[in-house]
Amino acid sequence: MNNEYDLLDKVFEYREGEFLENISDDFNLLKNKVKHVKKEEIDKLISNLPEEYNLLKEQLTSNIENLIIDYNITMAYYNKKYYKQGFKDATNLINICK
């Protein structure tokens, strides 16, 4: 069973490069659905807070960076998990159809 997952990992890593090549198609699909908030704009708003809020500014900046990191890690995990599950389902379906 462990070899099965090793093979899925290798197939995923191979296909992962192809996913990156098609990213412009994804951007075109999502461009009207996402909010287009840029971290730089948030950083600018935070930096414009008065000096007496320096601690708050640091906390906000740190929390926003951590939120982005957490989101990226979570999305990468689920992308890999469901890609592998879909691949496993496809191989099972092929075996059933034989």
Side-chain angles (χ1 to χ4, degrees):
M1 181 105 173
N2 196 19
N3 288 339
E4 177 182 332
Y5 288 106
D6 291 340
L7 177 61
L8 284 175
D9 283 332
K10 289 176 184 173
V11 170
F12 179 81
E13 288 170 6
Y14 173 76
R15 291 290 311 246
E16 195 171 22
E18 291 179 32
F19 300 150
L20 294 176
E21 291 175 10
N22 298 323
I23 202 162
S24 66
D25 293 337
D26 296 334
F27 282 130
N28 287 332
L29 178 71
L30 294 173
K31 70 182 175 185
N32 294 321
K33 298 178 182 182
V34 296
K35 302 295 183 197
H36 299 290
V37 176
K38 293 183 171 48
K39 185 179 178 304
E40 295 81 16
E41 293 171 5
I42 296 170
D43 287 340
K44 185 177 179 181
L45 290 170
I46 291 171
S47 69
N48 287 335
L49 289 171
E51 285 291 318
E52 59 268 14
Y53 295 108
N54 279 343
L55 180 60
L56 176 63
K57 289 163 47 169
E58 289 175 21
Q59 291 172 336
L60 285 171
T61 301
S62 176
N63 285 338
I64 289 169
E65 288 172 1
N66 288 335
L67 178 67
I68 292 168
I69 291 168
D70 288 351
Y71 176 80
N72 287 336
I73 290 170
T74 302
M75 291 305 297
Y77 168 81
Y78 283 116
N79 287 340
K80 186 173 183 178
K81 176 182 177 181
Y82 291 117
Y83 173 83
K84 289 168 70 174
Q85 184 60 50
F87 186 83
K88 187 176 178 181
D89 290 346
T91 58
N92 286 338
L93 183 60
I94 290 169
N95 288 332
I96 291 170
C97 292
K98 285 184 180 181

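Please read all numbers here as calculations on a predicted model, not as lab measurements.
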Asn54 and side-chain hydrogen bond (donor to acceptor under 3.5 Å, both in side chains): which partner among Glu52, Glu51, Glu58?
Glu51
Donor-acceptor check, side chain of Thr91 to backbone of Lys88, threshold 3.5 angstrom: yes or no?
yes
When you look at Ile46 and Ile42, which way does the side-chain contact (heavy atoms from CB on, under 4.5 Å) test go after all the steps?
CA-CA 6 Å; Ile46 291 171; Ile42 296 170; 3.8 Å; yes
Within this structure, what is the CG-CG distance for the pair Leu60 and Leu55, rounded to the nearest 0.5 Å?
9.5 Å
Which residues pass the side-chain hydrogen bond (donor to acceptor under 3.5 Å, both in side chains) test with Glu40, not counting sequence neighbours?
none
Contacts of type salt bridge (charged side-chain N to carboxylate O under 4.0 Å, His left out), residue Glu65, not counting sequence neighbours
Lys39
Among residues at least two apart in sequence or on other chains, which ones pass ring-ring contact (aromatic ring centres under 6.0 Å, His included) with Phe87?
none
In the hydrophobic clustering that connects Ile, Leu, Val, Met, Phe, Trp and Tyr at side-chain heavy-atom distances below 4.5 Å, which members other than Ile96 occupy its cluster, ordered by chain and number?
none
From Leu30 atom CG to His36 atom NE2, the distance as rounded to the nearest 0.5 Å
8.5 Å
Distance in Å, Ile64 CD1 paired with Ile69 CD1, rounded so as to fall on 0.5 Å steps:
12.0 Å
Hydrophobic clusters join Ile, Leu, Val, Met, Phe, Trp and Tyr when side-chain heavy atoms are under 4.5 Å apart, directly or via other members; which others share one with Leu93?
none
Donor-acceptor pairs under 3.5 angstrom involving side-chain atoms of residues 71-80: please list them, not counting sequence neighbours.
residue: Asn72; atom: ND2; partner: Ile68; partner atom: O; Å: 3.4
residue: Thr74; atom: OG1; partner: Asp70; partner atom: O; Å: 2.8
residue: Asn79; atom: ND2; partner: Met75; partner atom: O; Å: 3.2

